[in-house]
Each structure stands twice: as structure tokens, then as C-alpha cells.
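Have a look at the structure below, then the notes.
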Amino acid sequence: MLVTLSVYLQHEANTLLVEQQSRSNVDLTQSFSNSLWTEFRPYVKFSENLGPEELKKRSEVHRFSAVMKELMSNLHVVKVKVINMKGNTVFSTDKTQVGTDRSTYPGFLAAKQGEVISAITFRDSFFAIEGEIFNRYIVNSYIPVRNSKSNEIEAVFEVYSDVSNLFSSMEESQTNTILATFVFMSVLYVFLYFIVRHADKVLARQELLRKTQEEKIRFQAYHDPLTGLWNRQGLDDRLQEAINRSSRHGKKGALLFVDLDRFKLVNDSLGHEAGDQLLRVAANRIAKCLRETDMAFRLSGDEFLLILEDLERPEMSAHVATRIIESMKTPIMLMGHEVLINLSIGITTFPSAGKDTKTLLKEADASMYQAKEKGHNQFEYFTRETKLAAMGRLSYENELQKALHNGEYELYYQSKVEPETSQVVSVEALIRWNHPVKGLVPPNDFIPLLEETGLINSVGTWVVDTACKQVKSWHDKGYAPMRVSVNISARQFMSGDLVSVVDNALKASGLEAKYLELELTESMFIGNKDDAIGTMLKLKTLGVALSIDDFGSGYSSLSSLKHFPIDYLKIDRSFVKNLNENHKDMALTSAIAVMAYSLGIGVIAEGVENQEQLDFFRSQGCKEVQGFLFSKPVSASDFEQLQLAPKRKQA
Ligand code: C2E
Ligand code: MG
Ligand code: MG
């Protein structure tokens, strides 16, 4: 580019120089002709008849030369020739050239036509007026000389000017221009280089940002934001890949379905924040029990799914399940409460002929339910029995929905007696399900499902209504008035309409409120204590009695009792069971009794099966005892006949 620029500048400079010098030569010629032409015109005209040799001898040439020299002094004109219209050189400051023929020179021919023609040439040596000069730039111009009156061209002047100085100063400025351009371009280049480098960096940063965002989006698409585990998206693909890998390598894999027990209770009672915290801790502990190649998914709520690969033997999955269960043994603190995470795990293995991902998921799910039925913190492998149980559970749920409408629920009644008099002072209503095929189903087999499906609210309402009506009818029949206690589930307690349900039941049955007792559980108080107390106070305003069932099996401490408007405490059966052998249980039961009395709360012992237990509670000043020693739960008609008729019917 610089070379092109240099050539261009050179060309432009030459043109300019020639134009300038040409003008100056014209002016010079004009001044020559002004001072000389009148004198020399006749000679020039005459010279047209002379030959070259004759011309050289003419005295006018010497005269012309002397005048010319004078005119040329201090100018950079180095040679002047006068050519007559025939093309002969009639005068030259270089005398050797007088007589030479220029008639065919393009410059002469153009000047003869009235044009001024100039050109620049470099001469190694040149015969100037002052003698020989070397290495010069010479501008050579052919200039017509006219008759001042007729304007007719009478001769041609050939003027040579030495423009070397001008040329070198132009060259110098040209070099400076090129140098300046070079410097400018270098600066521009450096500037552009930094701009490009900066742009490169910006682009690289943007690319990194884009990639990070892409990864983040991909992560978010496939991961659960709460626990950081994989989400359900893409589960099928990953499971299928794991099955394929295991088939190829001849190894076994396992699918573990993990479900937290009683998570809903924590969520409902302690709030979603506590529920989230519990899920995070559980997920973290589960992840710690896995190898890097294993995958953990959170399916929804409290359900997790684990894919284990590369197992030497399928039973190895049991080690993982045990490790997970063990890892949950440390309680966590949620809103100031110590909570234990319990879970159930269902396991199935792969690859297994004809089993696709859907089947495996169903199997793991069904096994998990089997594990749940065994109690907390259990795991269960998928077996034929599991399959049958899973199918059974599904139809069970459908049947539970219809049971209320079909009138399949029934209340059984179990008496509570005064230890001193053995008189029935109260009765607990316990639900049973008269299944058309299975017969009488105990509550522990369907209450958890009722809670899970939300059916507990409508069934619970039916229980309160039925119990109130039943006991009122016994009152009306003249039996000695007794309380009836009804079990209230945590979900029912928190539903918000328990107070109106109870109020309606009392109104509909006409039972006096003081004859109704509601059995609550400790789990209802671990959440928002103020809400719980609020509901309890409203219930107390209705006039009903409140008790805490299974006391000692849950989370609450003895000291927390003072906050609740409670009338009775039912000591959990587990303490009663081992009373005779376990002195700690005895000491604990005594402590509970002493504490309850000091707070004005009556103590009821449940699960009393033998005389020693009865004696013990009698010695502890227990208000009421309940257990198989007196009666098992029986139907209303049996209760009326066996418990009420002979003893309590008033005359
Ligand atoms: P719970 O309220 O603690 O009821 C006492 C349970 O202990 C009853 O079992 C009763 O049959 C049993 N029991 C009483 N005395 C003895 C004894 O001396 N030995 C032994 N081994 N057991 C004894 P059931 O009827 O199977 O009820 C189990 C649980 O189901 C109840 O425990 C209660 O939590 C729940 N439940 C029952 N009916 C209802 C209901 O209508 N609504 C709600 N939400 N839960 C209910
Ligand atoms: Mg009870
Ligand atoms: Mg109980």
C-alpha cells in the first residue's frame, strides 16, 4: 500500500512540477522575447534560408548568446534554444547545437501549432550555459513565440530548467508524507489491533457467558431447584440407558423408590419452609450414600428415585438402602423441634427380560408401598406378593372412596372404666370398615390411606356425627350418662372446619357438649402452636373435653403440656405394655402422672391387659383405664348389651 502511495505521490509531484516549471518557462520566454525579439526576429526569419554550417558561423548567434546569458543569470534556466519555423536550431546557449534539425520533434511540432509542451527528465550529465552539470532533473519546454501584432507564430523557444532543488525538496516532503502516513498507519494498526483484541476478549467473554447460561438452562431443565438432584425430566431415557449398559456388560442394576414417611404432616404442621428444609437434608443424606456413577432423582414432593448400576450382585442394593436408612437416624431441628426423618424404600432390579422402564418404575413404587406397610424405615424387594399387593392397593383406594357412600364404615366402642369402681364412665369410638369381601378391616389398615387421599375429612365428620348420635341415644335410653371420645386425625384438626363439624354434630344429635371428648395427638402441636391453641380454645368454648392420645410416643415434651387447654392425657400403650418388666417405663409413667396431676390434667391408661397393670395405675391415681382387661372394642349393639345393659341401665 505504501509503495502504491509512493508511486502515486511521485506521479502527482512530477506533474505538478512540470506544470509549474512550464508556466515559469513560458513567462521566461515572454520576457526573452520582450527584450530580444525585435532585434532577432529578422535574423530568425532570414535563417530559414540558411544551412546548418552557415548558421554556426553567423555573428548574431554570438550577440544573442551574450544577451541571453545576462538574462539567464540568477535563474535556474540552464539552456535556451531558438528554433525557426523550419525546425533548424538557429540559436543555442550550447553553441555545438546550432544548426541541428528539430523539425521532426513532437515538442517542436506541437509548439508550431501553438501548444506549450514540457517534460521532465533525469540527466547524468548536461551541457549547461555555465558548463557541464551532473545528475540533474531538467524540465524541457517547447514554447511558441508570436508576433505581437499578428499573433502569428514566428519561432519556437526550447527552454531547459534545472529543477533538481525543487525536485529534491518535493521528494523530501514526499518522503515525509509517506513517513507520516506510515506512522499514522502504524498507530492506526496498533489502535485497530487493540480494538480487535478487545473485541476478541469481549466475544470470548460473551461466548463463555453464553455457554455458562446454556449449561445453567440445561441444568435447570434437568434438575430439581430445591435439592439439586435430577428431576423427572429425562428419567426414562437415563433409566433406559442404564438398562442397556447393564445388559451389555452383563452386570446388574437396581431401581430404588424412596418415599419419606409422614412428610405431609411436617409440611402441614411446620410449614412449607420446614418441609423444604427437611427435603434438602434428606436429599443430601441420600446423595452421600451413593457412588458417583449412581443417579438420584426427586420425582415429586417426598418421592426420590435412585438408579444404581454396576452391581456385582443385585442384593448389593440392600446395602445402599440400609445405609440410607441409617443416615436418617440423626434427628434434625425444624422450627425448634427435633424431627426424625423416616422413609420407606422399594427396590427392583434390572435388566430383566421383558421389563421396560415403565414396568420397573411401577415395581419399585409397589415395593415401596409394601415397605411402608411393614412400618417405618424398611425396604422391600419387588416380589410376586408385592405385585399382588400393588394391584390390591389400587383397587383399595377406589373402594375407600365408595365405602362412605355404601355405608361400609362402622363404629366400634371400647369402654374406659374407673379403676376404683370398675364402672364404665366413658367410651372410645373406633372406626372399622366392613369390607364386602375382606370382612372387618382394622383402622390402621386404611386410616393412613384416608389421610393421604384427603378422604379423612368426610369420614372423620361421619365418625363425630355417628358417635354423638349413638351416645345420645344411649343417654336417651336411660343408661347412666357417659362420655364418648372420638379420634381426630392431624389433617382433620388442621383442616380449619373441625370446630363447625363438632358444633354441627352436637346440635344435630342433641348431645350435651361435656359428654364429647376429642382425642388429639401430639403431632398436631409441633407446628404453629398458636394456631393449635386457637383451635383448641374454640373447641373448649363449645364445651367439649380434649385429650392427648398416645402420649409419650411423639415429639412433645412434658413441659409443653402447660401451654395446651387439655383435660386428659392418654398414656401410650407402649409404656403400659412393658410396665412389669421395664422399670424405666414405670418411672416415666409415674413422672407423667405426677406432672399431669400438678397441671390439673386427668390421666387415662390405655392397653391395660392384666391385673398388675391395673394395680399400678390405681396406685398412680389414674382417673380411667382402658384395655382388653375390661373389654375389646365391640359393635354398638354388643356394647349396649354387654357393657351397658346389665350394669348401667337405670330403673
Ligand atoms: P388409639 O386411638 O390409640 O386406639 C386404641 C387402640 O388400641 C385400638 O385399636 C384398640 O383396639 C387398641 N387397644 C385398646 N386396648 C388394648 C389392649 O389392652 N391391648 C391391645 N393390644 N390393644 C388395645 P384400633 O381400634 O385398631 O385403632 C387403632 C388406631 O386407629 C387408634 O389408636 C386410632 O389412632 C386410630 N383410629 C381408630 N378409629 C379412628 C377414627 O375414627 N378416626 C381416626 N382419625 N383414627 C382412628
Ligand atoms: Mg384413641
Ligand atoms: Mg391410643
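Worth knowing before you read on, the calculation uses all heavy atoms, side chains too, and leaves out hydrogens, waters and symmetry mates. Both ligands and their constituent atoms are indexed starting at 1 by order of listing.
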According to side chain to side chain contact (heavy atoms under 4.5 Å, CB included), who are the partners of L440, at least two apart in sequence or on a separate chain?
Y412, R432, N434
Run the numbers for me: atoms of ligand 1, each under 4.0 Å from some heavy atom of N444, listed by number.
28 (C), 29 (C), 30 (O)
Proximal ligand 1 atoms for E606, defined as those under 4.0 Å from one of its heavy atoms
3 (O)
Under 4.0 Å from atom 18 (O) of ligand 1, is there at least one protein heavy atom?
yes
Checked the Mg ion (ligand 3): protein N, O or S atoms closer than 2.8 Å come out as D549 OD1, D550 OD1, E606 OE1, E606 OE2
Aromatic rings H475 and Y515: how do their planes relate, parallel, tilted or perpendicular, breaks at 30° and 60°?
perpendicular
Does the protein put a heavy atom less than 4.0 Å from atom 32 (O) of ligand 1?
no
Taking the minimum heavy-atom distance to atom 37 (C) of ligand 1, which of L629, T521, L430, V459 ranks first?
L430
For ligand 1, which is the ligand I care about here, please tell me if Q492 has any N or O atom under 3.5 Å from one of the ligand's N or O atoms.
no
Please determine if K477 and E640 form a salt bridge, counting it only when a charged side-chain N lies under 4.0 Å from a carboxylate O.
yes
With a cut-off of under 6.0 Å to the ring centre and 45° to the axis, is K632 in cation-pi contact with F628?
yes
Which of parallel (below 30°), tilted (30 to 60°) and perpendicular (above 60°) describes F446 and W433?
perpendicular
For atom 27 (O) of ligand 1, grab the closest protein heavy atom and report residue, atom and distance to one decimal in Å.
P443 CG, 3.3 Å
Taking distance alone, with N or O pairs closer than 3.5 Å, would you say I431 contacts ligand 1?
yes
In terms of residue, atom name and distance, what is the protein heavy atom nearest to atom 6 (C) of ligand 1?
R573 NH1, 3.4 Å
Quick one: look up the protein heavy atom nearest atom 21 (N) of ligand 1 and list residue, atom name and how far away it is.
E609 OE2, 3.2 Å
Is there side-chain contact between F616 and V576, with at least one heavy-atom pair below 4.5 Å?
no
Could you name the option among Q414, R432, K416 that has the heavy atom nearest to atom 25 (O) of ligand 1?
R432
